[in-house]
J.: 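Quick one: the structure is below, questions incoming.
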Amino acid sequence: MKSIVIVFLVVVCVSCANKKLDIAKPNIIFIMSDDHAYQAISAYDTTLIQTPNIDRLANEGMLFTNASVTNSICAPSRAVILTGKHSHINGKIDNLSHFDTTNVTFPQILQKAGYQTAMFGKLHFGNNPKGFDEFKILPGQGEYYNPRFITQKGDTIIDGYVTDITTDLTLDWMKNRRDPNKPFMLMYLHKAPHRAWLPSEKYYKEFTKKTFPLPETLFDDYKTRGTAAKTAEMGILKHMSLVNDTKLTPATMAKLNLTDWNNLGESLGGMTAEQRAKWDAVYGPINEKFIEEYPTMNDSTLTIWKYQRYLQDYLGTIASVDDNVGRVLDYLDDEKLADNTIVIYTSDQGFYLGEHGWFDKRFMYDESFKTPLLIKWPNKIKAGITEDEMVQNLDFAQTFLEVAGVTAPKDMQGESLVPLLTGNKEKWKRDAVYYHYYEYPAEHAVKRHYGIATKEFKLIHFYHDVNEWELYDRKKDPKEINNVINNPAYAQVVKDMKQKLQETRKKYKDSEELDRKYIESYN
């Protein structure tokens, strides 16, 4: 009998120890917006907008200045984040290809390791994400007003503004269905600021009154660059829709005898009559003023007008994101969860805010290649630190697994950021990152290309229907205006970077054979 009691006590003590260990594991909150340019976060640049709540993560944690993506387009970026593998390995090379659901994702691994998992907001692909105890996700791109959500119990429409709703769902789960005896991993994913940039009532009233400084390269002529920059269809003047993007009405277009791409009716069609009336009360006068001014506009003044309208709406959606990030951070503080929670804020890629005359993303040039990354981890990250090492969205999966004390699968291709986060920078060995974009020929007509970037240089190879190389000196030419691939002074740099590119492609198991395979499969 005595031995039985001893065994029982041992079992109970082991059980208690395991329970305490689980609670001690840090919670993980991964916050990602869609197309949020780093230039539109005041921790990076105060020129365009103030984002005090997102900035809290930098003030209380770490700001990365050289974070980038492996493929600057929505769904592939998300697939890389989930799998920890480059697009050519996980198979999700573009927005059109199917995601191979046999891929093992980091939420599945964390769930098996005892984490409670949830996802709310925009996934972009797949209606049944694996590895989540609960999810409510937008179908495809989703809508800004009164959006439909996909859930495990069926679809539902929720009245309101999507950024607020996504946060409401997130907070409701943390308050009412989170198991306090388990660590949790929460993916809190915003639709904003994705095109067509519909702000909430509060912020379209405010931001449509604002005027923003013009980027230095708004009227870039691509003089030193090759075919790709000159033929891309993402110019503010020529390719930004007057209807869908700047919110002119069909009636305005007809009055001025203009035609343009229009699916704005679909975006606004989900509004209630009351919501639409408030919208029209603000955007109606904008249309009336444009009717008066358009006859005197030339290409330059029209570009500036479209740029201002673009930023007013784009930044207006971000203001709501910032407010709602603040709601989540406040909840963590109020409930005493902050000290044991690592919070990450990022975007699925960068975005052009008029630089080089563009909107959208896709290119390996910095505005789309680089992504915001701010991480707060109390008692691990020294507050207010800036980190310039070359990191990527490829690294998130392995980072989260190490944070949770879980061994990452050997076929993941990233590097855990934990050494950088915890002050062990000497363990970080990477000096270059790899990029590969595939979605061509397609919307925006950005040619296929791959390349590598170090802190000093960036080498890009455009291929498929062209064979062109570009090299940029990132220190001397941070705006990437001067392609120096044929400059004799950089001959040795070109040679060294091409060698490094070849080695990096081999390291990540990319090749010309895979280039051809994905071209053939695309056709």
J.: Is the closest side-chain donor-acceptor distance between Tyr437 and Arg362 under 3.5 Å?
T.: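 Yes, side-chain donor-acceptor contact under 3.5 Å.
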
J.: Run the salt-bridge test on Glu456 and Lys475 with the 4.0 Å N-O cut-off and return the result as yes or no.
T.: no

J.: Is the distance from the ring center of His190 to that of Phe120 below 6.0 Å?
T.: no

J.: Does a donor on one side chain and an acceptor on the other come within less than 3.5 Å for Tyr203 and Asp323?
T.: yes

J.: Measure the shortest side-chain to side-chain distance between Thr217 and Ile481 over non-hydrogen atoms and say whether it is less than 4.5 angstrom.
T.: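 Yes, close enough: below the 4.5 Å cut-off.
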
J.: Answer yes if the ring centres of Phe400 and Phe106 are under 6.0 angstrom apart, and no otherwise.
T.: yes

J.: For Tyr204 and Tyr283, I'd like to know if the aromatic rings sit close, meaning centre-to-centre distance below 6.0 Å.
T.: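 Here the rings of Tyr283 and Tyr204 have centres that are less than 6.0 Å from each other.
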
J.: Is any side-chain heavy atom of Met62 closer than 4.5 Å to one of Glu387?
T.: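 Yes, at least one pair of side-chain atoms sits under 4.5 Å.
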
J.: Could you tell me if Lys210 and Gln312 have a donor-acceptor pair between their side chains, going purely by distance under 3.5 Å?
T.: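 There is no such pair (donor and acceptor under 3.5 Å, judged by atom type) between the side chains of Gln312 and Lys210.
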
J.: Does either side chain, that of Tyr472 or that of Asn483, offer a donor lying less than 3.5 Å from an acceptor on the other one?
T.: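 Looking only at side-chain atoms, Asn483 and Tyr472 do not form any donor-acceptor pair under 3.5 Å.
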
J.: Quick one: are Ile137 and Lys122 in side-chain contact, heavy atoms under 4.5 Å?
T.: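 SC-SC contact between Ile137 and Lys122 ruled out.
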
J.: When the aromatic ring centroids of His36 and Phe351 are compared, is their separation below 6.0 Å?
T.: no

J.: Do Leu169 and Met119 come within less than 4.5 Å of each other through their side chains, counting heavy atoms only?
T.: no

J.: Is a donor on one side and an acceptor on the other found under 3.5 Å between the side chain of Arg448 and the backbone of Tyr440?
T.: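 Confirmed, Arg448 side chain pairs with Tyr440 backbone.
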
J.: Between Tyr144 and Ser200, do the side chains contain an N or O donor and an N or O acceptor separated by less than 3.5 Å?
T.: no

J.: Donor-acceptor check, side chain of Asp322 to backbone of Asn53, threshold 3.5 angstrom: yes or no?
T.: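 Side chain of Asp322 to backbone of Asn53, a donor-acceptor pair under 3.5 Å: yes, one is there.
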
J.: Tell me yes or no: between the side chains of Glu415 and Gln392, is some donor less than 3.5 Å from an acceptor?
T.: no

J.: So, Glu201 and Lys205, do they make that salt bridge, N to O below 4.0 Å?
T.: yes

J.: Consider only side-chain N and O atoms of Asn66 and Glu389, and report whether a donor and an acceptor are under 3.5 Å apart.
T.: no

J.: Aromatic contact between His239 and Phe359, with the criterion being ring centroids under 6.0 Å apart: yes or no?
T.: no

J.: When you check the side-chain N and O atoms of Asn71 and Glu439, is any donor under 3.5 Å from an acceptor?
T.: no

J.: Can you tell if the side chain of Lys289 reaches within under 4.5 Å of the side chain of Ile286, non-hydrogen atoms only?
T.: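 The answer is no, as the side chains (C-beta and beyond) never meet within the 4.5 Å cut-off.
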
J.: Taking atom types as modelled, find out whether Asn467 and His461 have a side-chain donor-acceptor pair closer than 3.5 angstrom.
T.: yes

J.: If the plane angle is over 60° it's perpendicular, under 30° parallel, otherwise tilted; pick one for Phe125 and Phe99.
T.: tilted

J.: Would you call the rings of Phe212 and Phe207 parallel, tilted or perpendicular if under 30° counts as parallel and over 60° as perpendicular?
T.: parallel

J.: Would Arg225 and Phe462 count as a cation-pi pair here, with the cationic atom under 6.0 angstrom from the ring centre and within 45° of the axis?
T.: no

J.: Do we see a donor-acceptor contact under 3.5 Å between the side chains of His436 and Asp510?
T.: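 A pair is found: one side chain offers a donor N or O, the other an acceptor, under 3.5 Å apart.
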
J.: Check for a donor-acceptor pair, side chain of Gln50 on one end and backbone N or O of Ser42 on the other, with a separation under 3.5 Å.
T.: no

J.: By the definition side-chain hydrogen bond (donor to acceptor under 3.5 Å, both in side chains), identify the one residue from Glu470, Glu355, His356 that meets it with Tyr365.
T.: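 Testing Tyr365 for a side-chain hydrogen bond (donor to acceptor under 3.5 Å, both in side chains) against Glu470, Glu355, His356 leaves exactly one candidate, Glu470.
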
J.: Lys92 vs Asp100, test: salt bridge (charged side-chain N to carboxylate O under 4.0 Å, His left out). Steps then yes/no.
T.: CA-CA 7 Å; Lys92 185 65 177 169; Asp100 182 355; over 6 Å; no

J.: Run Lys458 and Asp366 through salt bridge (charged side-chain N to carboxylate O under 4.0 Å, His left out) and show every step you take.
T.: CA-CA 10 Å; Lys458 183 184 294 180; Asp366 267 4; 2.6 Å; yes

J.: Within 45° of the axis and under 6.0 Å from the centre of the six-membered ring of Trp469, does NZ or CZ of Lys498 qualify?
T.: yes

J.: With distance as the sole criterion, is a donor-acceptor pair present between the side chains of Thr249 and Thr252 under 3.5 Å?
T.: yes

J.: Going by distance alone, is a donor N or O of one side chain under 3.5 Å from an acceptor N or O of the other, for Asn393 and Ser77?
T.: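 Indeed, the side chains of Asn393 and Ser77 share at least one donor-acceptor pair under 3.5 Å.
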
J.: Between Glu468 and Thr227, does the side-chain hydrogen bond (donor to acceptor under 3.5 Å, both in side chains) criterion hold? Intermediate values first, please.
T.: CA-CA 8 Å; Glu468 298 177 354; Thr227 307; 2.6 Å; yes

J.: Could you go through the side-chain hydrogen bond (donor to acceptor under 3.5 Å, both in side chains) check for Thr47 and Asp45 one step at a time?
T.: CA-CA 6 Å; Thr47 303; Asp45 190 337; 2.5 Å; yes

J.: Does Asp395 use its side chain to pair, donor to acceptor, with the backbone of Leu417 at less than 3.5 Å?
T.: no

J.: Could you go through the side-chain contact (heavy atoms from CB on, under 4.5 Å) check for Leu373 and Val391 one step at a time?
T.: CA-CA 9 Å; Leu373 179 60; Val391 304; 4.0 Å; yes

J.: If every non-hydrogen atom of Ile291 is compared with every non-hydrogen atom of Lys255, which pair is closest and at what distance?
T.: CD1-CD, 4.0 Å

J.: Between Asp34 and Lys191, is there a side-chain N and carboxylate O pair less than 4.0 Å apart?
T.: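 Salt bridge between Asp34 and Lys191, a charged N being under 4.0 Å from a carboxylate O: no.
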
J.: Look only at the side chain of Asn287 and the backbone of Lys247, and say whether a donor-acceptor pair between them is shorter than 3.5 Å.
T.: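 Yes; judged by distance alone, with no hydrogens or angles, the pair exists.
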
J.: With ring pair (Phe, Tyr, Trp, His ring centres under 6.0 Å) as the test, pick out the partner of His449 among Phe369, Tyr463, Tyr435, Tyr434.
T.: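 Of all the options given, the one that passes is Tyr435.
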
J.: Does Pro213 offer a backbone N or O that forms a donor-acceptor pair with the side chain of Tyr307 under 3.5 Å?
T.: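 Side chain of Tyr307 to backbone of Pro213, a donor-acceptor pair under 3.5 Å: yes, one is there.
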
J.: I'd like to know if the side chain of Asp515 pairs up with that of Tyr450 as donor and acceptor (distance under 3.5 Å, no hydrogens or angles considered).
T.: no

J.: Ignoring hydrogens and geometry, is there a side-chain-to-backbone donor-acceptor pair from Thr246 to Leu242 under 3.5 Å?
T.: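 Pair found, side chain donor or acceptor close to backbone of Leu242.
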
J.: Please determine, by modelled atom types, if Ser368 and Tyr352 share a side-chain donor-acceptor pair under 3.5 angstrom.
T.: yes

J.: Consider only side-chain N and O atoms of Asn324 and Arg327, and report whether a donor and an acceptor are under 3.5 Å apart.
T.: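 Arg327 and Asn324 do have a side-chain donor-acceptor pair below 3.5 Å.
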
J.: Return yes if a side-chain donor-acceptor contact under 3.5 Å exists between Ser97 and Asp94, otherwise no.
T.: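 Per modelled atom types, Ser97 and Asp94 side chains form a pair under 3.5 Å.
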
